[in-house]
Visitor: 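Structure below; questions to follow.
Quick caveat, the model's predicted, so the values are computed rather than measured. Computation of the quantities below employed the complete heavy-atom set of this structure, encompassing side-chain atoms and omitting hydrogens, waters and symmetry-equivalent molecules. Residues take their numbers from the sequence shown, with the count starting at 1. Order of listing sets the numbers, starting from 1, for every ligand and every atom in it.
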Amino acid sequence: MYSAPFEYVCATSLAEALRLVNERREDTKLLAGGQSLIPLLKLRLAAPGLVLDIGRLAELKGIRETAEGIEIGALVRHAEIENSELLARACPLLPETAAEVGDLQVRNRGTFGGSLAHADPAGDFPAAALALDAKLIASSVAGHRSIAAQDFFVDLMTTALQANEILTAILVPKLGPRTGSAYVKMRQQASGFAIVGVASVLTFDSRGKIEKARVAITGVGPAPYRASAAEGRLRGVNPEDRAMEHAAAAAADGVDVSGDMHASAEYRRELAAIFTRRSLEAAAARARKAP
Ligand SMILES: Cc1cc2nc3c(=O)[nH]c(=O)nc-3n(C[C@H](O)[C@H](O)[C@H](O)COP(=O)(O)OP(=O)(O)OC[C@H]3O[C@@H](n4cnc5c(N)ncnc54)[C@H](O)[C@@H]3O)c2cc1C
């Protein structure tokens, strides 16, 4: 199927892109890696008047270490994250998650910012961004604002971004000592998208108890979410199997669990618990070995 006709502009600077998106707002779709937008256009699920290509904006590229953590440009591709030595050392959850996204072609074109802005309810990176407590930088002609990942994913494919904003960068805070992380996923066989995906980050205190726990789940509800009931069961406890299982049992508490042709709601709820336990066990094993 062919898309509806649209005007195409390839932005040459962030300032130009922000000006155009401010003028055209809801009439505009940004094109980053095109891995989600192009299918939407071809299926005519989106029919914008303007497709604004931001794919060449140097301001949105690169991965940098800062005093507070790591800054990742919105246009950094999944494959760059997967293969980044800096991230492998400082934030291994992101390369581990990137390796789970689609196939090689998708990872070579798709962007980190595009995945977060698109907010597919089964997308992998939203779970990682939530578990890492990332901050998302939204830019407009009025300036920049920082949005906590927890406030960014609002509903089904709906984020806190305004129509005149572009996601320009993602800030990942430094992980402390005695911290381990893991992303585990059950793939839908045809597309590779998550039926359930669980990202967790655990920090132990000096006595080996869990000091901080962040668990984020994708694929289960209309939007990715922090499993706060599970997190609450982990704080201050010894990270043994029973504790992980007890916490994982609360993985979908309070969530309107989705059911579809790939997995019923009941099955997904069960998978959420199983994959949360696996994610927590892997994160705990890594935290035990971390400096
Ligand atoms: C066959 C296939 C398999 C896939 N499997 C998976 C998978 O297993 N897991 C997974 O998570 N994803 C999967 N994807 C989706 C893929 O990860 C996409 O790359 C991603 O969802 C969107 O990134 P993009 O750069 O391609 O964005 P685009 O397609 O260019 O844009 C997507 C949407 O985000 C908006 N947007 C893009 N960049 C910005 C920005 N900087 N600021 C504001 N809005 C922006 C666009 O306007 C558009 O609405 C798959 C895709 C395909 C085609």
Visitor: Any nitrogen or oxygen of Ala32, main chain or side chain, under 3.5 Å from a nitrogen or oxygen of ligand 1?
Guide: yes
Visitor: Do any nitrogen or oxygen atoms of Gly192 come within less than 3.5 Å of a nitrogen or oxygen of ligand 1?
Guide: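 Gly192 vs ligand 1: N/O contact under 3.5 Å present.
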Visitor: Could you tell me whether some N/O pair between Gly113 and ligand 1 is separated by less than 3.5 angstrom?
Guide: no
Visitor: Could you check atom 24 (P) of ligand 1 against the protein and tell me its nearest heavy-atom contact, residue, atom and distance included?
Guide: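 Of every protein heavy atom, Gly33 N, 3.6 Å lies nearest to atom 24 (P) of ligand 1.
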Visitor: Test side chain to side chain contact (heavy atoms under 4.5 Å, CB included) on Leu202 and Val215; report intermediate values, then the result.
Guide: CA-CA 9 Å; Leu202 292 180; Val215 181; 5.7 Å; no
Visitor: Could you identify the single nearest non-hydrogen protein atom to atom 31 (O) of ligand 1 and state the distance to 0.1 Å?
Guide: Leu37 CB, 3.9 Å
Visitor: Does any N or O atom in Ile166 lie less than 3.5 angstrom from one in ligand 1, N or O only?
Guide: no
Visitor: Is the shortest distance from a heavy atom of Lys185 to ligand 1 less than 4.0 Å?
Guide: yes
Visitor: Check whether any N or O atom of Gln35, backbone or side chain, sits under 3.5 Å from an N or O atom of ligand 1, and answer yes or no.
Guide: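 Indeed, backbone or side chain, Gln35 has an N or O that close.
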Visitor: Give yes if a backbone or side-chain nitrogen or oxygen of Ala122 is under 3.5 Å from a nitrogen or oxygen of ligand 1, and no if not.
Guide: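 So ligand 1 has no N or O lying under 3.5 Å from an N or O of Ala122.
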Visitor: Going by distance only, is there an N or O of Leu167 that falls short of 3.5 Å from an N or O of ligand 1?
Guide: yes
Visitor: Based purely on interatomic distance, does His78 place a nitrogen or oxygen under 3.5 Å from a nitrogen or oxygen of ligand 1?
Guide: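 Indeed, backbone or side chain, His78 has an N or O that close.
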Visitor: Taking atom 45 (C) of ligand 1 as the point of reference, which of Ala117, Ala190, Ser191 owns the nearest heavy atom?
Guide: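 Shortest heavy-atom distance from atom 45 (C) of ligand 1: Ala117.
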Visitor: Counting both backbone and side chain atoms, is some N or O of Glu165 under 3.5 Å from an N or O of ligand 1?
Guide: no
Visitor: For atom 43 (C) of ligand 1, what's the nearest protein heavy atom and its distance?
Guide: Leu30 CD1, 3.4 Å
Visitor: Which ligand 1 atoms are under 4.0 Å away from a heavy-atom of Gly102?
Guide: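 Every atom of ligand 1 under 4.0 Å from some heavy atom of Gly102: 4 (C), 5 (N), 6 (C), 7 (C), 8 (O).
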Visitor: So which protein heavy atom does atom 14 (N) of ligand 1 come closest to, and at what separation?
Guide: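 Heavy-atom neighbour on the protein nearest atom 14 (N) of ligand 1: Phe193 CZ, 3.2 Å.
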Visitor: So is there a nitrogen or oxygen of Val101 less than 3.5 Å from a nitrogen or oxygen in ligand 1?
Guide: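 There is no such contact.
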Visitor: Any luck finding a side-chain donor-acceptor pair between Ser13 and Glu16 under 3.5 Å?
Guide: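 The criterion, which ignores hydrogens and geometry beyond distance, is not satisfied for Glu16 and Ser13.
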Visitor: Salt-bridge test for Arg233 and Glu245: reply yes if a basic N is under 4.0 Å from a carboxylate O, no otherwise.
Guide: no
Visitor: Does Leu116 have a heavy atom less than 4.0 Å from any atom of ligand 1?
Guide: no
Visitor: Taking 4.0 angstrom as the limit, do Lys174 and Glu68 come out as a salt bridge?
Guide: no
